[in-house]
Amino acid sequence: MSVFKEPVVIHKGLDNVYVKESKICFIDGEASKLFYRGYSIQDLATHSTFEETAFLLIYGWLPTRNQLAEFTERIESYRTLDPPILQLIRSFPLKSDPMDVLRTAVSALGLYDAQPLTDDAEARIDKGIRILAKAPTIIASFDRIRSGKEPLQPKSGLQHAAGFLYMLSGKEPDPYDAHVMDVALILHAEHEMNASTFACTVTASTLADMYSIITSGVGTLRGPLHGGANEAALRTVMDVGDPTKAEDYVTEALAQKKRIMGFGHRVYKTWDPRYLILKNLGGELAARKGQEKLFDTALAIETSAMKHLEGSPIFPNVDSYSGVVFHMLEIPTDLFTPIFVMSRISGWIAHAIEYLQANRLIRPKALYTGKTGLSYIPFDSRVGTLEG
Ligand SMILES: CC(C)(COP(=O)(O)OP(=O)(O)OC[C@H]1O[C@@H](n2cnc3c(N)ncnc32)[C@H](O)[C@@H]1OP(=O)(O)O)[C@@H](O)C(=O)NCCC(=O)NCCS
């Protein structure tokens, strides 16, 4: 029983708790709408690039041509890893999960910051951009090292998406592949106060440095309830293996109360607008790559699930096609969540900076339901359980 007399409301999962006002991202989960700084995700996916979208999220406005060129050059100039960081990545067990590698390497970057103590907004943004720029190099370097290949230096002139695909494969990507990757990064760049963004915000509220803030985000995105659903969705599509088997799979899964991966969302109670964008790109990509069977299986699962879930608020989310798309881009499955990080760092930076403009240490409460006033028990009288 609680020792507190006043009525206390516990907001389990912090559902519907607002922690700040924000001008960064708006999701209308009933109307299938998503806006970054007021611009619709469809417009950004059609007209923007990841670099431009990251600028928009971090600074709040669409950059001029010169601002974008300066921002792009800045990212490019920060891409290379310092030798000790590369050495550190080489020292990790080859079987490490790439998310663990990324989390550790992002944290280690802070040790090599030339001005670790500067913490005004511009210095924080710059540190954030350094981490953003280096994330693809960290991920690609580890992937090559674990496959027995030498990591590659970032290639000048290639942007975040194309540069990452190049550092993974050693080949300059086909322009359409680079475009699909770029759009996927735009779609994952920001999504309001999700768990990892909240983790970054909590860390920012203590006035910790940007490396600690982003490391908190990576650690939180690591969990299967947050990042990771796209891997599971791809696995489902591959296990089903053929469009003709989709109906049996869905019927059986739902009968057993299993969740269809890539469906349902805490905020969207209708189509996730990002899903449709990726589905359209995925269809074209499948035709170019001769991967129609994989894509048609994903489509058949969707058609069947929509038939069975009709009338419920469960619709396809971004993950129903992102895993399939990344797979068609020949990206190893365990890199899907690190790619999410590679993009989401831009949203994390934006939220940390925004929160710090009107900072208040985040310190919620826990309702104590334990005992008080117990007498200390000498060793010989203890039973070694909760009972005594
Ligand atoms: C994302 C998710 C956790 C959101 O869940 P939520 O809004 O909190 O909804 P709940 O977990 O409370 O589920 C509500 C009901 O819908 C059902 N449901 C939710 N997602 C479902 C899915 N993907 N397939 C089948 N049924 C689903 C639940 O089983 C539950 O049914 P019940 O009331 O009979 O028990 C959930 O939809 C899910 O697990 N989806 C699959 C994983 C996924 O794609 N995640 C990526 C999100 S971007």
Side-chain angles (χ1 to χ4, degrees), residues 10-17 25-34 36 41 45 99 183-199 217 220-240 246-279 282 297-327 333-334 336-344 347-348:
I10 295 182
H11 297 277
K12 205 169 169 217
L14 300 186
D15 290 11
N16 297 319
V17 172
C25 178
F26 178 64
I27 307 167
D28 185 342
E30 306 290 331
S32 186
K33 292 206 159 81
L34 168 62
Y36 294 170
I41 196 68
M99 277 298 277
V183 174
L185 294 181
I186 292 173
L187 302 182
H188 287 88
E190 164 56 17
H191 216 226
E192 206 230 45
M193 198 46 66
N194 52 79
S196 57
T197 304
F198 182 58
T220 308
L221 196 59
R222 167 94 168 82
L225 293 186
H226 192 358
N230 53 11
E231 292 183 24
L234 171 67
R235 223 172 297 123
T236 302
V237 176
M238 294 183 97
D239 288 350
V240 171
E247 174 68 14
D248 283 353
Y249 164 76
V250 172
T251 317
E252 209 178 307
L254 292 178
Q256 291 174 9
K257 293 255 166 224
K258 284 195 190 147
R259 292 179 179 215
I260 315 290
M261 289 296 130
F263 286 76
H265 199 277
R266 182 57 64 78
V267 183
Y268 294 111
K269 297 304 166 197
T270 178
W271 314 97
D272 176 339
R274 302 167 300 173
Y275 132 86
L276 205 56
I277 297 167
L278 272 184
K279 180 178 165 182
T297 306
L299 277 180
I301 293 172
E302 179 194 336
T303 308
S304 174
M306 290 318 296
K307 185 178 77 185
H308 288 278
L309 295 169
E310 198 181 344
S312 83
I314 303 165
F315 287 81
N317 62 50
V318 67
D319 290 326
S320 59
Y321 288 94
S322 58
V324 172
V325 162
F326 291 145
H327 180 76
T333 308
D334 62 1
F336 296 176
T337 312
I339 289 172
F340 192 163
V341 172
M342 210 172 102
S343 158
R344 184 57 59 85
W348 292 339

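As the structure lists them, so they are numbered: ligands from 1, and atoms in each ligand from 1.
- Ring-plane geometry between His188 and Phe326 is classed as tilted, the angle between the planes lying from 30 to 60 degrees on a 0 to 90 degree scale.
- Taking Asp28 as the reference, nothing meets the salt bridge (Lys or Arg N to Asp or Glu O under 4.0 Å) condition, with sequence neighbours excluded.
- Between Tyr275 and Tyr321, the ring planes lie tilted relative to each other; the angle falls in the 30° to 60° range.
- Closer than 4.0 angstrom to ligand 1 by heavy atom are Ala229, Leu254, Lys257, Lys258, Arg259, Ile260, Met261, Gly262, Phe263, Gly264, His265, Arg266, Lys269, Ile314, Asn317, Asp319, sorted by chain and number.
- Between the side chains of Asp248 and Thr251, no donor N or O sits under 3.5 Å from an acceptor N or O.
- Dense packing is recorded around NZ of Lys269, with more than 12 heavy atoms of other residues, nucleotides or ligands lying under 6.0 Å away.
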### Task
Please lay out, stage by stage, how Val237 and Met261 fare under the test side-chain contact (heavy atoms from CB on, under 4.5 Å).
CA-CA 9 Å; Val237 176; Met261 289 296 130; over 6 Å; no
